[in-house]
Each structure stands twice: as structure tokens, then as C-alpha cells.
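As a basis for the values below, the full set of heavy atoms in this structure was taken, side chains included, without hydrogen atoms, waters or symmetry mates. This is a predicted model, so every value here is computed, not measured.
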Amino acid sequence: GDRAGDEQTPPPPHLKSPPAPALSAEEALKTFSVPPGFRVEIVAADPLVFDPVAMSFDADGRIWVVEMRAYMPNVDGKGEDAPIGTVAVLEDTNGDGRMDRRTEFAGGFVLPRAVAPVAGGVLVAEPPNLWFLQDTNGDDKADKRTKVADDYGNPASPEHTANGLMWALDNWIYSANHTVRYRYDRGTWLHEPTIFRGQWGITQDDYGRLLYNTNSDPLRMDVLPAEYLRRNPHLVEPNGINVQLASAQELPVWPGRVTIGINRGYRMLRDDGTLPVVTAACGPVVYRGSLFPQSFQGDAFIAEPAGNLIKRVIVEERGGVPSARNAYAQTEFMTSTDERFRPVNLYNGPDGALYVVDMYRGVIQHRIFLTTYLRNQIKERGLEAPLGMGRIYRIVPEGARSPSKSTSAKPALGKATTAQLVAALASEEAWTRDTAQRLLVERHDDSAMSMVRELVRTSPSALGRLHALWTLEGLNAVDWQSVQRGLEDADVHVAAAAARLAERFLEDESARTLKALSARAAWGELAFQRQVALSAGAAPRGSADALLAELAMQSGAHQYLADAIVSSLGGRESVFFERMIANPD
């Protein structure tokens, strides 16, 4: 979105926007271009789904979709406050991979914008309300509503308010465009302040680092867990959070069609009429599945509905500093010649496929930011109608079996035993690991604890050991043996997680704990040293100064490490500084 109200400027005479008739999902497939070796499949399409803006898979692989049915019913946005938004459950009853049953779970919402299955119910974002909806009699209809928050975003501007609701590796639920994080703890909803992140959509990588973006800023990351950097009021504008991985200019876009039908398009288009940079980047996801080739692991996909495309960017780290670059030269992972293709959110599926929520409509720009130029385009080309369409697609490699012939049946974690869920923590599919961890934490079954501790010790999967540690944290069952094992782990990310979980032992067992942290810090791994610099702040006042001084001397010049150290020194900066300058080294 941009500021509105600028002068009317016609596009150059040689550029004409082609007509944009509304297509069926089957016709829309023919307008897509994806790299060789991939194909696009229809998962759900109107009239089974209307104006979808976000979705989530439940433990059994059903799709929960949130539908913003009143969004911009016309260029003036009149009627936008109608309470006609819905949350529906989509199911595939015949196993052919396409959803064929819709159950309306709840309705009556004003511009709802996020949904997340939690604790047998679902969280639904309807700013300023955050609802927890439950179905107590098993008919897939919400019959119990609990208000978790009444300050979840501001409904005044739909382009700039809270959304996302992602259960992250650390067992907190994070949002984009919002400064509170939430947590479910055995029937209670906890919340605490966090930093502001992005605009629309939020994702995490395998190590729980959060990524997000804004319309004109394609990708940002919290390299360090942000909560630590809020502790010391003297640490102003800390490094390591909200890190820009690349500017819009460094990640140019290459639409598959002339894109003059965007706000102020005439100001910045290339000579061929295509948008050169993102203007509506949103809905990012880090690909964490096992279905795509190995080279896709950890890459980020970014939706660009104004350019009718999906970007793939390669996320790299050099010297502990992440950056992003385009995966393709002068093309994108997915483009369309259909102006109504509006990808607004992307997800990892239980099957390892990439899922795309397509709002499918002519008007995507909100009235608050609509320029005279775009208003005229919309009117001239009849883009206001039809409404109430929408699609969900999945992108799969050509070699992938279609779901109807697949041997791996759809997931059924909802009724899985505790032992099965513990085993699933080490799955190669990220969705399965994340969901198993969430279910174990929600169930809070004491019998899980010994099995999860065993996984920390014996799992051959580093990601399995990582999820096991965080599952113990969610069960409030962190034990010193598991932390110690984690601190000695061959994988630095497992060790860094163990350092975070070691903080609870710093108060009563500070000497033993600091010794174990110092021993691993001496290995010289930057990712671990950063975390120790943060975790040391939990030690009794001054007791970790020797460790922090050692880190400062060894690695203090490394990006983000100095700020991590300072975050742990609140009120003792000068003492520490004097200690450092007195040191002959």
C-alpha cells in the first residue's frame, strides 16, 4: 500500500493493459508458469472457498481457511464493515487430493485475517479481537467463543493491522504487525510484549528464527531472539533483530505480464510495462519440506499479488550474517498472465508441497491508499466484479505422486499416541515436527517427558533433538541432564537451544551452569557464542562477567555479538568497560 491522492498520470501510450476476465481455476492453471520439473495443482476453488486470505492445517491435515468476504466490495470500500467474514474447514473425502467438502465453522466476522489450530480449537484474528473458538460437540461448528485479547491490532486500516498467528519453535505464538506474543499453557492464555514485525504474514526457519516483510521490503529476519534485546534500556536500536536480508532493488521482480494496473504503476514500470520491484510483498514462507529438491531447503518464498507472482529467494549466511538473493535471473518461481491471480499467503504442507492462498480478485489495493489512476483503471476494465472467488493451490515437483496415488496417507496426528508424537518430532517433514511438538505441549502428558529426554540423547536427527529440547521447555520439564547433553551436541543449533534452556539453572546452580556454557563457548562457534552472550544475562548480577569478557575479546567484533553482550549488562556497563580496559589482552 502507498499513500493516495497523487495526480492522475496516464501510462505511456505504447502500454495497454490486456483485458482481465475472471477465469475458472482450471483455466487459471493455463496462465501459470513455474520452473521445469514443477507443476501446480488445484487444492480448493470457488465455490468451495470465498476470498481466502490465510489458512492453516490441523493435526489431521484438514485445511482451515479464513475468508475476508467484505474486503473492498467496490472501489469506495462501501460495505466493508459488513460482518460476513467466515472461517471454514475444507476436507478431501475421496482421497484425490482436491478438497470437496466445506463446513462453515464460524461466521459473522468483520474482516477476519488469521487462523491457527490450538488446543483442540482455533484462534481467529478479527482486529481488535483475538478469539479462541471451540467445537464442544464434534459437529465442526464453533459453539464456544472465548476472547483472548481485545487489543489485537487496530481495524482502522486493513493493510496495516495484526495477523499471522504462528506457533513458533519456542512455543510462543507470534504475529506480524503486532507487539504482543501469546502462549497456551494448560487452559490459560499468557501474553507478553514483543517487537513489531512486518506487515502481512510471518514464518520461521528450522531453528526458530522469525522472518517477515512489508509491501516494499521483501524479507527481514530476527537473527537473535528479540526478547533478550528488550532487557537493557540503554541498548538503543539493537542489531540482530529486524535485519533486512536484501533491499527491494537487490531483489528485482520479473512479472509474467504487463502490470500497469497497480497503484502508481506508471511511475516506475520498465519500458515493457512490467513492475521492477516489489510493491505488495507479503505472506513469506521458508521452505522446510522434504518434497522439493534438497537445494530448496531454507529458501524463502514471497508472495507478490500486485505483480501476480511468487518469488523464490536463496537465504545465505556468511560470517554469521544472513542475506538473500534472487534464485532466478529475469524470471520468478511462479508467474501468471492473469491479473486476478492474487497470491497473499504461502505455507509448508504436511506433504512437503508449497501451498498458495490466492484471493483471486481484480481489486487488491485498499481504498485508503487507492490513487485516482488505479481507480480509473479499475472502472475502465471492470475489475470490481466478480467477488467471492478464491483458490488454494499446491506446487509439487513433477516426479511427486499425486495424492490419490500416494502411499503416504494424509496425516492423522490428532489421535496419535504420545509415543507416536514423540517419534514424529524427528520427522523429515517440518510440518510434522512442528505439529507433533505443539500437540505434545498442549496435551501435557507426563508420560511424554522420559521419551522426549531419550530423544534428546539418542535421536540421529539434529532437528529431532532440537524439537525435543523445545518440547521439554513447553512441558515445563527441562532437566539438567538434557541441557548438558544439548550443550555437548555436535550441532551448534541444538547447543544454542540448550544454552537458552540452561538459563533456568543459572540462579541456583550458577557456577556449574556457567562452567558448562563457557566450555562450549570455547569451541569458537559464533552462533553459540551469540546465544551465550544473551543467556548470561540471566546469571546472578556480575557472576557471568568473566564469560562475557572472554566472549568480547574472542569475538566481540563479529556482527551482533557486541549488542548481545550489552543486552546482558543492564546497569553494569561501566564496571564491565573498566574491567575490559584493565585487561592487558
Quick check: does any side chain N or O of [X] sit under 3.5 Å from a backbone N or O of [Y], one acting as donor and the other as acceptor?
X	Y	answer
Gln529	Ala521	yes
Arg113	Pro158	yes
Ser568	Gly537	yes
Glu304	Ala306	yes
Lys515	Ser510	no
Arg209	Asp222	no
Ser543	Ala539	no
Arg197	Thr179	no
Asn213	Pro218	yes
His558	Gly320	no

So [Y] and [X], do their side chains get closer than 4.5 Å, heavy atoms only?
X	Y	value
Leu245	Val243	yes
Trp131	Thr146	no
Thr513	Glu503	no
Pro343	Val357	no
Val278	Ile302	no
Ile195	Glu227	no
Arg312	Tyr287	no
Val65	Val115	no

Is it true that, when you exclude [X] itself, more than 12 heavy atoms of the residues, nucleotides or ligands shown sit nearer than 6.0 Å to its [atom1]?
X	atom1	result
His191	NE2	no
Glu428	CD	no
Phe577	CZ	no
Glu317	CD	yes

Interatomic spacing from [atom1] in [X] to [atom2] in [Y] - rounded to 0.5 Å:
X	Y	atom1	atom2	value
Asn583	Glu578	CG	CD	13.5 Å
Asp217	Leu251	CG	CG	9.5 Å
Leu506	Ser535	CG	OG	7.5 Å
Met449	Asn476	CE	CG	7.5 Å
Glu332	Asn308	CD	CG	11.5 Å
Tyr152	Leu123	OH	CG	8.5 Å

task = Kindly indicate, with the supporting measurements, whether the criterion side-chain contact (heavy atoms from CB on, under 4.5 Å) is fulfilled by Ser567 and Leu534.
result = CA-CA 7 Å; Ser567 79; Leu534 298 168; 3.5 Å; yes
Does a side chain donor of either [X] or [Y] reach within less than 3.5 Å of an acceptor in the other side chain?
X	Y	answer
Ser461	Arg433	no
Glu473	Asn171	yes
Asp150	Asn129	no

request  = For side chain to side chain donor-acceptor pair (under 3.5 Å), just list the numbers for His366 and Glu159, CA-CA rounded to whole Å, side-chain angles, deciding distance to a tenth of an Å, and then say yes or no.
outcome  = CA-CA 7 Å; His366 191 255; Glu159 280 195 34; 5.3 Å; no
So which heavy atom on [X] is nearest to which on [Y], and how close?
X	Y	value
Ser427	Thr432	OG-CB, 3.5 Å
Leu469	Ser482	CD2-O, 3.9 Å
Gln204	Arg288	O-CD, 3.4 Å
Asn348	Val286	ND2-O, 2.8 Å
Ala436	Ala424	CB-CB, 3.7 Å
Val483	Ala502	CG1-CB, 3.6 Å

inquiry  = Walk me through whether Tyr228 and Ile241 qualify under side-chain contact (heavy atoms from CB on, under 4.5 Å).
reply    = CA-CA 10 Å; Tyr228 293 99; Ile241 52 175; over 6 Å; no
Stacked cation flag [X] on [Y], 6.0 angstrom / 45 deg:
X	Y	value
Arg183	Trp167	no
Arg530	Tyr560	no
Arg220	Tyr212	no

key: Worked verdict on Gln437 versus Trp470 for side chain to side chain donor-acceptor pair (under 3.5 Å)   = CA-CA 8 Å; Gln437 176 179 324; Trp470 280 111; over 6 Å; no
ask   = Are Lys147 and Leu130 close enough, and set up right, to give a side-chain contact (heavy atoms from CB on, under 4.5 Å), and what steps lead you there?
value = CA-CA 6 Å; Lys147 193 180 282 191; Leu130 180 59; over 6 Å; no
Hey, are [X] and [Y] close enough for a salt bridge, meaning a charged N less than 4.0 Å from a carboxylate O?
X	Y	value
Glu442	Arg438	yes
Arg325	Glu316	yes
Arg485	Asp479	no

request  = Could you tell me how the ring of His178 sits relative to the ring of Tyr182: parallel (under 30°), tilted (30 to 60°) or perpendicular (over 60°)?
outcome  =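 Geometry flag for Tyr182 against His178: parallel rings.
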message = Before you tell me yes or no, could you show the steps for Phe505 and Val478 under side-chain contact (heavy atoms from CB on, under 4.5 Å), namely the whole-Å CA-CA distance, both residues' side-chain angles and the distance that decides it to 0.1 Å?
response = CA-CA 10 Å; Phe505 299 103; Val478 176; 4.0 Å; yes
message = Which residue is it: Arg520, Arg457, Arg465? I am looking for the one with a salt bridge (Lys or Arg N to Asp or Glu O under 4.0 Å) to Asp489.
response =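 Considering Arg520, Arg457, Arg465, a salt bridge (Lys or Arg N to Asp or Glu O under 4.0 Å) with Asp489 is found only for Arg465.
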request  = Determine, stepwise, if the pair Glu550 / Ser518 fulfils side chain to side chain donor-acceptor pair (under 3.5 Å).
outcome  = CA-CA 9 Å; Glu550 184 59 36; Ser518 302; over 6 Å; no
Test log, rule side chain to side chain donor-acceptor pair (under 3.5 Å), inputs Tyr347 and Asn345 = CA-CA 7 Å; Tyr347 301 91; Asn345 246 322; 3.2 Å; yes
key: is_close_aromatic(Trp523, Phe528), centroid dist under 6.0 Å   =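 That pair fails the under 6.0 Å test.
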